[in-house]
Structures are given as structure tokens and as C-alpha cells.
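A short write-up of the structure that comes next.
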Amino acid sequence: QVQLVESGGGLVQAGGSLRLSCAASGRTVGIHAMGWFRQAPEKEREFVAGISMIGYTDYADSVKGRFTISRDNAKNTVYLQMSSLKPEDTAVYYCARSKYSSLSHWEYEYGEWGQGTQVTVSS
């Protein structure tokens with residue numbers, strides 16, 4: 001059974017950096033598209049970044065140039081490197097595995113989700 005476990009969240013000052021990790025059980029990161037989503041208080045969960053099986057990446061406009069998604073297939077782990085963090089980046093960040101090999105912005109195309117990790121950016 002696939003399990004996704006996020007880690008690396010925490011409190012950081014604006015302008016700082018943080019790297020989130022998502023460890024997956026079984027061999028999954030190198031087969032399925034993986035994505036990062038986030039949910040701020042009183043807001044809907046939104047797509048942040050994704051990476052396809054063959055390495056295509058996509059980012060929300062709000063994080064382009066600041067966030068980088070990557071993966072280590074041997075470790076079954078996907079990462080989200082976040083830099084130049086802003087207070088508006090404050091949210092619970094979720095790792096998700098797509099049902100497919102191609103990445104998507106749509107939540108319904110992701111079948112497995114991690115528990116989330118809190119990222120708080122102070123001003």
C-alpha cells in the first residue's frame with residue numbers, strides 16, 4: 001500500500017528557504033507523476049508544482065522562479081525546494097501521487113495524499 005510522508009516544514013522568515021521532502025513507500029516516484037499542493041486557512045487547496053514520469057515540471061505562477069520540484073527515484077522521494085519565501089506562502093503543503101504518468105493540476109487526478117506539513121513564513 002502506498003504511503004506518502006511529508007517532512008521539512010517549519011517556521012521561516014520572509015526571504016528564507018526551506019526544502020520539503022515526500023517519502024513514498026514502494027516504487028512509485030519514478031512511475032507516477034507527483035505533485036505538491038498547498039492549502040492556506042480559509043482557502044481551497046491549490047496546485048503548487050508537479051513533475052511527470054519523464055521529468056516534465058510545471059509550477060503555479062505564484063511560485064515560478066522561487067520553487068523547484070525534483071525527485072530521487074532511487075530513494076522514492078520527491079522534493080520541493082522553496083526559496084525567497086513570502087508570507088503568502090504560508091500553508092499546509094501536501095504531497096500527492098497522480099493516478100497517471102503525466103502531471104496534472106487537478107486534484108481528482110491524484111489518488112494518494114500525504115498528511116501535510118505546515119510551512120509558516122513570518123514577515
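The structure displayed is predicted, hence computed values, not measured ones.
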Can you give me the closest heavy-atom contact between [X] and [Y], atom names plus distance?
X    : Y    : result
W106 : Y110 : O-CD1, 3.1 Å
A24  : L4   : CB-CD2, 3.5 Å
S52  : S102 : CB-CA, 4.2 Å

From CA spacing to verdict: side-chain contact (heavy atoms from CB on, under 4.5 Å), Y93, Q39: CA-CA 7 Å; Y93 284 71; Q39 187 168 25; over 6 Å; no
Atom pair [atom1] ([X]) and [atom2] ([Y]), whose distance is rounded to the nearest 0.5 Å:
X   : Y    : atom1 : atom2 : value
Y59 : I51  : OH    : CD1   : 7.0 Å
I31 : S101 : CD1   : OG    : 8.0 Å
S83 : L18  : OG    : CG    : 11.0 Å
H32 : L103 : NE2   : CG    : 14.0 Å
E46 : E44  : CD    : CD    : 9.5 Å
K86 : S123 : NZ    : OG    : 14.0 Å

Would you call [X] and [Y] a side-chain contact if the rule is heavy atoms closer than 4.5 Å?
X   : Y    : result
V78 : C95  : yes
Q81 : R19  : yes
V92 : T117 : no
R45 : Y94  : yes
M34 : S98  : no
L85 : F67  : yes
R38 : D89  : yes
T77 : R71  : no

Contacts of S7 that satisfy side-chain contact (heavy atoms from CB on, under 4.5 Å) - sequence neighbours left out: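 Applying side-chain contact (heavy atoms from CB on, under 4.5 Å) to S7 gives S21.
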Single-linkage hydrophobic cluster, 4.5 Å side-chain cutoff, L20 and V63 together: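 Yes; V63 is reachable from L20 via cluster members.
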Verify same cluster id: Y56, M53 (apolar side-chain graph, 4.5 Å): yes
Between [X] and [Y] (side chain of the first, backbone of the second, donor and acceptor by atom type, cut-off under 3.5 Å), is there such a pair?
X    : Y    : value
Q118 : G10  : no
T120 : T90  : no
E6   : G116 : yes
K43  : A91  : no

S25 and Q3: CA distance, side-chain angles, deciding distance, side-chain hydrogen bond (donor to acceptor under 3.5 Å, both in side chains) verdict: CA-CA 5 Å; S25 64; Q3 296 286 329; over 6 Å; no
Sequence neighbours excluded - salt bridge (charged side-chain N to carboxylate O under 4.0 Å, His left out) pairs with any residue from residues 111-123: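 Non-adjacent pairs meeting salt bridge (charged side-chain N to carboxylate O under 4.0 Å, His left out): R97-E112.
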Derivation and outcome, side-chain contact (heavy atoms from CB on, under 4.5 Å), residues W36 and I69: CA-CA 8 Å; W36 287 96; I69 187 171; 3.6 Å; yes
Mutual orientation of the aromatic rings belonging to F47 and F37 [parallel < 30°, tilted 30-60°, perpendicular > 60°]: perpendicular
